[in-house]
J.: 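Quick one: structure below, then a few questions.
This structure is a prediction, so every number in the text was calculated from the model and none was measured. Counting starts at 1 for both ligands and their atoms, in listed order. We use all heavy atoms of the structure for the numbers below, so side chains are in, but hydrogens, waters and symmetry mates are not.
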Amino acid sequence: MSSLFDPITLGRTTLANRIAMAPLTRNRSPGAIPNNLNVTYYEQRASAGLIITEGTPITQQGQGYAQVPGLYLPEAIEGWKRVTSAVHSAGGKIAVQLWHVGRISHTSLQPNGAAPVAPSAIRAKSKTYIINDDGTGAFADTSEPRALDISEIPGILEDYRRAARAAVDAGFDAVEIHAANGYLIDQFLRADTNHRTDAYGGSIENRIRFAIEVVEAIVNEIGADRTGIRISPVTPANDASDPDPQPVFNALVEKLAAYDLAFIHVIEGATGGPRDNLPFDWAGLKAAYRAKGGKAVWMVNNGYDRDMAIEAVESGRADMVSFGKLFISNPDLVQRFKENAPLNEADRNTFYGGGAEGYTNYPTLALSA
Ligand SMILES: C=C(C(=O)O)c1ccccc1
């Protein structure tokens, strides 16, 4: 029987424990370039078995929020090298989340003020974070997107490939493909955001096609043993919805089983919200993946506490558990879980934007003693 605190092999790397830091957007990288404050933040959390970085856009077109770090400028790759080097020096392992937001963006963030792109021209009932002309940050309604022409898709696949290569050059141990939370790949998967009538829309096989082509582009570039994917079958985040998600996501994981990926990261329920917002067979999803020969580490997320995570791993229902908010306020979460120590409360007012306050100034157990 495995324990949450046991090491685990994830693709070509071995992790010290089965606790992952989930991707967390913090909006603290002006110019889309990782800075020294980001280095400190990730270094502080290096005791996680695996850190998965905040969503990291593969291009400016894939950028949907102000001041998130990208992986498309040379200076950004240099900045990420400092992050990965610091995490590795502290004994940690780190993956970068490759992100294209699709329609969850704003014209002020897009190249030449263009409309964001999406599978179909359907505006999201959602908001994004922009910087006003006076320099203040603010949440704004997402802009009206335009539908991608089928001829543009190979270019976006190339963007993913290039970003995966840049990730390896920047020292990351793996990449996580962001296919969750109503962003571009998820927009293709869901029937309510994908009204295409070509090979990328309509049937389930067509709607999972883009996700599979992204996986293929990245696996062919850096190897399946450094590639993971994050999915969120029933989340309503960013106005995502599908009338019948179970067959879509079962079909997706059955296809993914052929690629021998390093990990599958599953958000159970509504992201950051109720775990039972819609009926979904989570065990059935994993069984569908394993039945087709899928061997990837099965990582689960959303609302887990220490006892739930221990049970999920000891029962074999999951191989790893990822934590978001708890890692914001507890850089030494692993030690706190091991000792069943009290946890710091996170300050929601400093989740997005700002500086060290609520980012790198949470105390560790040693400091609290
Ligand atoms: C990358 C995000 C996600 O996956 O939901 C995100 C973006 C903005 C705020 C919170 C989360």
J.: Side chains of Asn250 and Gln246: donor-acceptor distance under 3.5 Å anywhere?
T.: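 A donor-acceptor contact under 3.5 Å links the two side chains.
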J.: Check this for me, if you would: do Arg103 and Asp141 make a salt bridge, where the nitrogen-to-carboxylate-oxygen distance has to be below 4.0 angstrom?
T.: no
J.: Please state whether Tyr352 comes within less than 4.0 angstrom of ligand 1, counting heavy atoms only.
T.: yes
J.: Among Tyr65, Phe139, Phe351, which residue satisfies the ring-ring contact (aromatic ring centres under 6.0 Å, His included) criterion with Tyr129?
T.: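 Going through the options one by one, the only one that passes is Phe139.
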J.: If you measure every N/O of Asn238 against every N/O of ligand 1, is any gap under 3.5 Å?
T.: no
J.: Given Ile267, Asn27, Asn181, Val101, which one has a non-hydrogen atom that is nearest to atom 5 (O) of ligand 1?
T.: Asn181
J.: Mind checking whether Glu54 contacts ligand 1 via backbone (N, CA, C, O), side chain (CB onward), both or neither, at a 4.0 Å heavy-atom cut-off?
T.: neither
J.: Between ligand 1 and Arg230, can you find any atom pair, the residue atom being a heavy atom, that is separated by under 4.0 Å?
T.: no
J.: Check whether Asp332 reaches the backbone of Leu365 with its side chain - one donor and one acceptor, N or O, closer than 3.5 Å.
T.: yes
J.: Looking only at protein heavy atoms, which one is nearest to atom 2 (C) of ligand 1, and how far off is it?
T.: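 Protein heavy atom at minimum distance: Tyr183 OH, 3.5 Å.
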J.: Side chain, backbone, both or neither: which applies to Tyr65 and ligand 1 if a contact is any heavy-atom pair less than 4.0 Å apart?
T.: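 Under 4.0 Å from ligand 1, Tyr65 contributes side-chain atoms alone.
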J.: Please lay out, stage by stage, how Ser329 and Asn344 fare under the test side-chain hydrogen bond (donor to acceptor under 3.5 Å, both in side chains).
T.: CA-CA 6 Å; Ser329 50; Asn344 297 322; 5.9 Å; no
J.: Write out the residue and atom name of the closest protein heavy atom to atom 6 (C) of ligand 1, then the distance separating them to 0.1 Å.
T.: Thr25 OG1, 3.4 Å
J.: Kindly assign one of parallel, tilted or perpendicular to the pair Tyr359 and Tyr41, based on the angle between their ring planes and the thresholds 30° and 60°.
T.: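 Rings of Tyr359 and Tyr41: parallel, under 30°.
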